[in-house]
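The chain is numbered in sequence order, starting from 1.
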Amino acid sequence: GLRASDGWTPPSKIYFQFVVVKLENADHAPAWAVPSESRVSLRADWFRENLNGEALGSTIHELTHVMQNYWTEGANEKNCPEWASEGYADYVRWVLFEPESKGCDFVYLAPNKYHYNDSYRVTAHFLGFVESQFPGTMKKFNAALRDHSFDDGKFWKDATGKTVKELEADWKADLKKAAADLKAKNA
């Protein structure tokens, strides 16, 4: 599937645990993954309060991190940048799992403000755009991050025939067009 790559075997079991965090630590992340242990931890108080909101989606994001298992020996910020890891996890969540929520669409409000490597939802939106233009790119992206061959200056040109600057320019043009279309529709 989409998260697969050659030579990689997904974990046969993934463990979910609810954790209780003391109130003085209430700002602690609501969910986090420990890929090396095939474990996702969910903060019980936050999860309970968000059952009809962010709870399921945040679980999908963290589950994706377990499936990514990028941060193994040899990984570093150049061949496995945090923006790419977080952006891909949000891509799985917002673009593939819950596209109807339009959780990344805020980028239409200020297309010049954002960059492809801003991480999380912004990067997820960029990745969704690239995949829509060049199907199969996200499978290659995931594999390059997993095997630590990712090179931001080289990957995009090899995968799509365009540089990342060209892809970002195309994405921003698409954002501006969508924003103008939405404005015209609401006028």
For the atom pair [atom1] ([X]) and [atom2] ([Y]), what is the distance rounded to the nearest 0.5 Å?
{"X": "Leu42", "Y": "Asn50", "atom1": "CG", "atom2": "CG", "answer": "11.5 Å"}
{"X": "Trp171", "Y": "Gln133", "atom1": "CH2", "atom2": "CD", "answer": "13.5 Å"}
{"X": "Asp118", "Y": "Phe126", "atom1": "CG", "atom2": "CZ", "answer": "11.0 Å"}
{"X": "Ser85", "Y": "Asn142", "atom1": "OG", "atom2": "CG", "answer": "9.5 Å"}
{"X": "Asp174", "Y": "Leu167", "atom1": "CG", "atom2": "CG", "answer": "12.0 Å"}
{"X": "Tyr88", "Y": "Leu145", "atom1": "OH", "atom2": "CG", "answer": "9.0 Å"}

Which heavy atom of [X] sits nearest to which heavy atom of [Y], and what is that distance?
{"X": "Val66", "Y": "Ala33", "value": "CG2-CB, 3.9 Å"}
{"X": "Phe134", "Y": "Thr160", "value": "CE2-O, 3.3 Å"}
{"X": "Glu82", "Y": "Ser119", "value": "O-OG, 4.2 Å"}
{"X": "Gly153", "Y": "Asp151", "value": "N-OD1, 2.9 Å"}
{"X": "Gly161", "Y": "Glu166", "value": "O-OE1, 4.4 Å"}
{"X": "Asp45", "Y": "Arg43", "value": "OD1-NE, 2.8 Å"}

Candidates Glu62, Gln68, Met67, His61 - the one meeting side chain to side chain contact (heavy atoms under 4.5 Å, CB included) with Thr64: Gln68
Matching residue for Tyr108 among Lys176, Lys177, His125 - test: side chain to side chain contact (heavy atoms under 4.5 Å, CB included):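 Going through Lys176, Lys177, His125 one by one, the side chain to side chain contact (heavy atoms under 4.5 Å, CB included) with Tyr108 is satisfied by His125 alone.
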Test item: side-chain donor near acceptor, Thr137 and Glu131, under 3.5 Å: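 Side-chain D/A pair, Thr137 to Glu131: absent.
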Distance-only donor-acceptor check, side chains Tyr116 and Asp152, under 3.5 Å: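 Side-chain D/A pair, Tyr116 to Asp152: present.
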Phe97 and Leu56: CA distance, side-chain angles, deciding distance, side chain to side chain contact (heavy atoms under 4.5 Å, CB included) verdict: CA-CA 10 Å; Phe97 184 74; Leu56 183 57; 3.8 Å; yes
Option passing ring-ring contact (aromatic ring centres under 6.0 Å, His included) with Phe141 (candidates Tyr70, Tyr91, Trp156):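 Between Phe141 and the candidates, ring-ring contact (aromatic ring centres under 6.0 Å, His included) is satisfied uniquely by Trp156.
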Residues forming a side-chain hydrogen bond (donor to acceptor under 3.5 Å, both in side chains) with Arg121, sequence neighbours excluded: none
Of all pairs that satisfy side-chain hydrogen bond (donor to acceptor under 3.5 Å, both in side chains), the ones with a partner from residues 97-107, not counting sequence neighbours: Arg93-Glu98
Side-chain heavy-atom pair Thr123, Leu127 within 4.5 angstrom cut-off: yes
Indicate yes or no for a side-chain donor-acceptor contact from [X] to the backbone of [Y] under 3.5 Å, with no hydrogens or angles considered.
{"X": "Lys13", "Y": "Ser38", "answer": "no"}
{"X": "Asn79", "Y": "Asn76", "answer": "yes"}
{"X": "Asp90", "Y": "Cys104", "answer": "no"}

Parallel, tilted or perpendicular: ring planes of Phe18 versus Phe47, cut at 30 and 60 degrees: perpendicular
Common cluster, [X]/[Y], ILVMFWY with side-chain heavy-atom separation under 4.5 Å:
{"X": "Leu175", "Y": "Trp94", "value": "no"}
{"X": "Trp32", "Y": "Tyr15", "value": "no"}
{"X": "Tyr120", "Y": "Leu96", "value": "no"}

